[in-house]
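Heavy-atom basis, side chains included; hydrogens, waters and symmetry copies ignored. Here, residue 1 is the first one in the sequence, and each next residue gets the next number.
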Amino acid sequence: MTKPQSDGLKTRVSEEAISETMLRLVAERGAGKTICPSEVARALGGSHPDGWGPLMQPVRRVAVRLMKAGRIAILRKGRPVPDPDDFRGIYRLAAGPGAGSEDDASAGAGKPSAV
């Protein structure tokens with residue numbers, strides 16, 4: 001896993017590291033369970049708000065990208081958000097429909113699954 005680079009008060013973490021951490025935490029939590037996006041930020045930026053606070057927007061951007069790929073679900077009030085590009089407020093993250101298989105995720109990334 002990529003370590004955050006400290007640049008004074010700014011913490012830079014790659015989107016790949018955020019994605020890997022997010023998917024790992026969601027998988028560890030298990031099916032039907034959710035994580036808070038701040039758990040992802042804290043895992044990468046440490047426990048002090050100066051470390052994890054600046055990571056909240058990058059975490060949100062990665063969550064949107066992974067939801068579009070079907071890897072995670074972004075939930076508001078326990079329900080998936082209808083439009084990941086346009087939601088507000090407190091949200092949680094859960095495993096998405098394509099989260100179970102690495103082969104499925106890499107072969108069909110970004111494509112909706114057949115119903």
Side-chain angles (χ1 to χ4, degrees):
M1 177 168 53
T2 306
K3 295 282 185 191
Q5 299 173 350
S6 182
D7 208 6
L9 292 178
K10 295 181 181 179
T11 301
R12 290 191 310 255
V13 177
S14 73
E15 287 198 356
E16 180 181 332
I18 294 171
S19 178
E20 289 171 2
T21 302
M22 188 177 296
L23 292 170
R24 178 179 52 81
L25 290 175
V26 165
E28 286 173 359
R29 188 63 47 98
K33 304 288 184 180
T34 64
I35 65 168
C36 181
S38 69
E39 292 178 58
V40 178
R42 290 172 198 262
L44 293 165
S47 61
H48 195 279
D50 287 345
W52 65 264
L55 295 174
M56 291 302 292
Q57 282 302 315
V59 164
R60 182 183 177 106
R61 284 192 300 271
V62 169
V64 167
R65 181 173 49 82
L66 291 175
M67 182 171 172
K68 289 178 178 179
R71 305 282 308 273
I72 66 160
I74 299 172
L75 307 173
R76 287 241 331 118
K77 299 182 180 180
R79 297 184 184 142
V81 298
D83 182 358
D85 289 318
D86 186 29
F87 69 96
R88 294 184 178 148
I90 297 170
Y91 65 100
R92 305 275 300 172
L93 303 169
S101 167
E102 281 298 315
D103 293 336
D104 291 344
S106 62
K111 297 179 186 175
S113 59
V115 180

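Residues P49 and P54 come closest through the heavy atom pair O-CD, 3.6 Å. R42 and S47 make their closest contact through NH1-O, 4.2 Å (heavy atoms, listed as atom of the first residue, atom of the second, distance). Scanning all heavy atoms of the two residues, the minimum distance from T21 to A43 falls at CG2-CB, 3.8 Å. In plain terms, the two heavy atoms of R88 and R76 that are nearest each other are O-NE, 2.8 Å. Scanning both residues, V26 and I35, for their nearest heavy atoms gives CG2-CD1, 3.6 Å. When every heavy atom of I18 is checked against every heavy atom of P58, the shortest pair comes out as CD1-CB, 3.6 Å.
Counting only heavy atoms from C-beta outward, the side chains of K68 and P84 approach each other to under 4.5 Å. Using a 4.5 Å heavy-atom cutoff, the side chains of E39 and M22 are not in contact.
Of the inter-residue distances, the one linking R92 atom CZ with K33 atom NZ reads 11.0 Å to the nearest 0.5 angstrom. The CD atom of E15 lies 9.5 Å from the CG atom of L66; values are rounded to the nearest 0.5 Å. Atom OG of S19 and atom CZ of R61 lie 13.5 Å apart (nearest 0.5 Å).
For R24 and E20, the salt-bridge test fails: no basic side-chain N is under 4.0 Å from an acidic carboxylate O.
Checking each of D83, L93, V81 against M67 for a side chain to side chain contact (heavy atoms under 4.5 Å, CB included) leaves exactly one that passes, namely V81.
S38 places no side-chain N or O within donor-acceptor distance of the main-chain N or O of A41, the cut-off being under 3.5 Å.
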>> side-chain contact (heavy atoms from CB on, under 4.5 Å) for R29 and T34? Distances and angles first, verdict last.
In response: CA-CA 7 Å; R29 188 63 47 98; T34 64; 5.9 Å; no

> Could you walk me through whether V40 and W52 pass the side-chain contact (heavy atoms from CB on, under 4.5 Å) check?
Replying inline: CA-CA 9 Å; V40 178; W52 65 264; over 6 Å; no

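Note on L75 and Y91: separate hydrophobic clusters, where clusters join Ile, Leu, Val, Met, Phe, Trp and Tyr whose side-chain heavy atoms are under 4.5 Å apart, directly or indirectly.
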